[in-house]
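Remarks on the structure that follows.
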Amino acid sequence: MPIIQVENLKKNYDDFEAVRGISFDVSKGEVFGLLGPNGAGKTTTVEILEGIRKPSSGKAIINHLDVVKDSKAVKNIIGVQLQSVNFFEMLSIYEIVELFSVLYSSKSNIDDLLKRVGLYEKKKSYFKPLSGGQKQRLSIAVALVNNPKVLFFDEPTTGLDPQARRNMWDLIKSFQKDGKTIVLTTHYMEEAEELCDRVAIIDEGKIIKINSPENLIEELTKSGFKTSKKIRAATLEDVFINLTGKSLRED
Amino acid sequence: MKIYLGFIIASSKMFFRRKSSIFWSLFFPVVTMLVFGNANILGFSAPNVGIVNYSQNGNSEIVEKLNAATSIKIISMSSPDEAISALEKGSIASFIEIPQNFSPQVSKIVITTRKGDESELELVQNLIYTILNDKAELGSGDSIELKIADINYQGYRGFIVPGIAAMAIMQSGIFSVVFTLLSYKNQGVMRRLQATPISPSHFIVGHLVSRLIIIVTQTILLLSMGVLIVGVSIGQGNILALINILFLSILGGILFLSIGLAISSLAPSEDSAPALANLVTFPMLFLSGVFFPIDFLPKFVVYFSNLLPLTHLAEGIRLSALYGQNTISTLPQVGITFLWLIIAFTICAKTFKWE
């Protein structure tokens, strides 16, 4: 029994169809990627699952709960990181996590959460002056506040430098080790390859293909496709990380 | 309950950390009050003299001459009660009673003014002497009786201090909601809250309660400054009057916070919300009797003024502050403020949206 079941989900805005009948399942403990260009309908799909938007038609079930009818119960078992990360500007990191733990009636230890995402030293700092990577990590800490079964990450590494991006990858992998199910959207293919067990490729509101990254690559090469890129033993990013190190810079 | 408390604490922290909010809701009204409270608004009510003529058609000569006098403005009144209440309000500084078929040998003209305004008596007395002299009835020194009514009139400062307190309730109520919600919406905070299991009412109620606490504190602070620095007396020793002021500031606070919420929801675009808020508050600043009595306005404007909620809130606070009136005796003001509260609250509850 998959933990997330999506059946023929549709969302229309006036005369624009953002999502045109999407169906997929996600198994417990899986990292599932939604890939697609900007405007493909990734965020709308995720926001319907998070209970922020109502679908025009179709059905979505998370852990036996209907996301529309049992919206409140669903929100209690999921952790959410939105695409544009924003919190109250005039509260400190600690106060923000504390406030959200009250909203989720959760008893999580806030210091532990902050340590886990590497923000413990900054806990007294206000939200406003934080770097992009720090804001992302704060929103991860907030997403973890209710010890959720399912985590939704919407473009978690967009705009981050290579160090911060790798740090985010490590965090996401550690959540999978904890047994959490993760749905993430991205338009970085190397990110999907690194993290996702399976990916759905979405374009114009429809899923074109669902499979594991390895199978998708194999399928393409079997069809006789040859990349025009030269295959090298390392990428430019490897060079960059090798020269500048893995440690985070923003602190 | 914990959720409400969480939002109340968080909202209050953010309020006190933002310098602009402190400036507009505390510093600005205090300064306005100090400036106007100590301003010498010349001739605020001095030229207005009430007249009660007990003759239907008689005494026309005296009345005509008084009307022709340029140093005062005569306002005709139907009874001494009306004149006393005008004295209390400050729309006149003294009034003249002319008995039926006045004749200097048998009857007396009575001039009444307030304590501390004795100079008014002299002005009016001299004027009447001049008129009587013209009638060649000199030597009628006893034909005028002078009275001082037991009215504790505090002048313009007494008028302005409660007025500014009411104005500050409106400004804080409306702007603290419009600007905060605007910034939350722009920051995308509302969307993140929407993803939590709470209902919108938690957030809204928490925010409103934190602002309401600030509004009541602000009222207390402003009136205390009025007593300590401007030197007016508030409540006239009547504890029920002070309670009524707090009660009115809570009613007014909820009323204007609701209007602020309704503006945030109804504004066609986010940027137009502050403009709409100004459009709502600006007429009330000048037409609701904050800086001067609405009696000074043209008649047709007074009808409009009486439709505005701030008019009644300011009047209620003023009646309690200056004359020690309690909730029962200010029932019209309390009632209309409450009616407005219901209207505003219904609109804001019906129109509220997360984004």
Side-chain angles (χ1 to χ4, degrees), chain A residues 43 46-54 65 67 70-92 94-107 110 124 126-128 130 135 138-143 145-146 148 150-154, chain B residues 1-26 175-177 179-211 214 264 268 270 352-355:
Chain A
T43 297
V46 168
E47 286 185 344
I48 291 170
L49 296 181
E50 291 164 346
I52 298 177
R53 292 182 196 282
K54 289 206 163 47
L65 299 165
V67 296
D70 306 311
S71 161
K72 203 178 157 184
V74 169
K75 286 172 178 173
N76 264 317
I77 57 154
I78 64 172
V80 170
Q81 184 252 3
L82 299 179
Q83 195 178 100
S84 56
V85 174
N86 274 305
F87 292 102
F88 300 102
E89 283 178 357
M90 300 307 279
L91 290 183
S92 72
Y94 186 91
E95 287 165 340
I96 289 170
V97 182
E98 192 184 31
L99 177 64
F100 275 87
S101 90
V102 171
L103 302 189
Y104 283 96
S105 312
S106 134
K107 292 188 172 62
I110 291 153
K124 286 190 176 142
Y126 284 170
F127 178 75
K128 210 177 176 179
L130 297 182
K135 287 179 177 176
L138 172 62
S139 86
I140 301 283
V142 170
V145 95
N146 53 336
V150 181
L151 281 163
F152 290 95
F153 296 136
D154 198 355
Chain B
M1 199 60 223
K2 266 195 161 175
I3 295 172
Y4 289 121
L5 203 63
F7 273 126
I8 293 170
I9 294 169
S11 288
S12 307
K13 275 181 187 163
M14 288 186 272
F15 176 86
F16 286 105
R17 284 172 189 172
R18 215 177 273 279
K19 288 185 192 79
S20 64
S21 56
I22 306 272
F23 178 83
W24 286 109
S25 56
L26 300 174
F175 288 106
S176 81
V177 171
F179 282 107
T180 337
L181 286 193
L182 185 65
S183 92
Y184 289 169
K185 281 175 186 175
N186 284 345
Q187 289 167 39
V189 177
M190 301 295 268
R191 171 150 291 214
R192 183 61 189 83
L193 288 176
Q194 225 183 325
T196 67
I198 63 158
S199 70
S201 66
H202 283 106
F203 170 69
I204 293 306
V205 171
H207 182 75
L208 295 191
V209 170
S210 82
R211 292 305 183 262
I214 288 161
S264 312
E270 287 178 357
F352 181 77
K353 49 188 185 213
W354 277 106
E355 293 181 51

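In what follows, chains carry the letters A, B, and so on, assigned in the order in which the sequence lines appear, proteins first and then strands, with residues in each chain numbered from 1. Small disclaimer: the values here were computed from a predicted structure and weren't measured.
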- Message: Quick check for you: to the nearest 0.5 Å, what is the distance between Met90(A) atom CE and Ser11(B) atom OG?
- Response: 13.0 Å
- Message: Measuring from atom CD1 of Ile198(B) to atom CZ of Phe100(A), what distance do you get when rounded to the nearest 0.5 angstrom?
- Response: 8.0 Å
- Just do the side chain to side chain contact (heavy atoms under 4.5 Å, CB included) check on Arg191(B) and Glu47(A) with the steps written out, would you? CA-CA 10 Å; Arg191(B) 171 150 291 214; Glu47(A) 286 185 344; 2.8 Å; yes
- Query: Checking Phe7(B) against chain A: side chain, backbone, both or neither under 4.5 Å from a heavy atom?
  - Reply: both
- Message: Counting C-beta onward and ignoring hydrogens, is there a side-chain heavy-atom pair between Tyr4(B) and Val102(A) closer than 4.5 Å?
- Response: no
- Heavy-atom pairs under 4.5 Å with chain B are the metric here; pick the option from Val142(A), Ile96(A), Asn76(A), Leu103(A) that has the most. Leu103(A)
- Engaged part of Phe152(A) at the chain B interface, taking heavy atoms whose separation is under 4.5 Å: neither
- Turns out that what part of Leu99(A) lies under 4.5 Å from chain B's heavy atoms comes down to side chain
- Nearest-0.5 Å distance that lies between atom CG in Leu193(B) and atom CZ in Phe87(A): 9.0 Å
- Under 4.5 Å to a heavy atom of chain B? For Leu82(A) that would be side chain
- Give, for atom OG1 of Thr196(B) and atom CG of Asn146(A), the distance between the pair rounded to the nearest 0.5 Å. 10.0 Å
- Note on the structure: The ring pair (Phe, Tyr, Trp, His ring centres under 6.0 Å) partners of Tyr94(A) (sequence neighbours excluded) come to none
- Item | Heavy-atom pair of closest approach, residues Ala195(B) and Ile52(A) | CB-CD1, 3.8 Å
- Query: For Val74(A), is it the side chain, the backbone, both, or neither that has a heavy atom closer than 4.5 Å to a heavy atom of chain B?
  - Reply: neither
- Applying side-chain hydrogen bond (donor to acceptor under 3.5 Å, both in side chains) to Glu95(A) and not counting sequence neighbours gives Ser92(A), Lys13(B), Arg17(B)
- Query: Heavy atoms, side chains only, cut-off 4.5 Å: are Asn86(A) and Arg192(B) in contact?
  - Reply: no
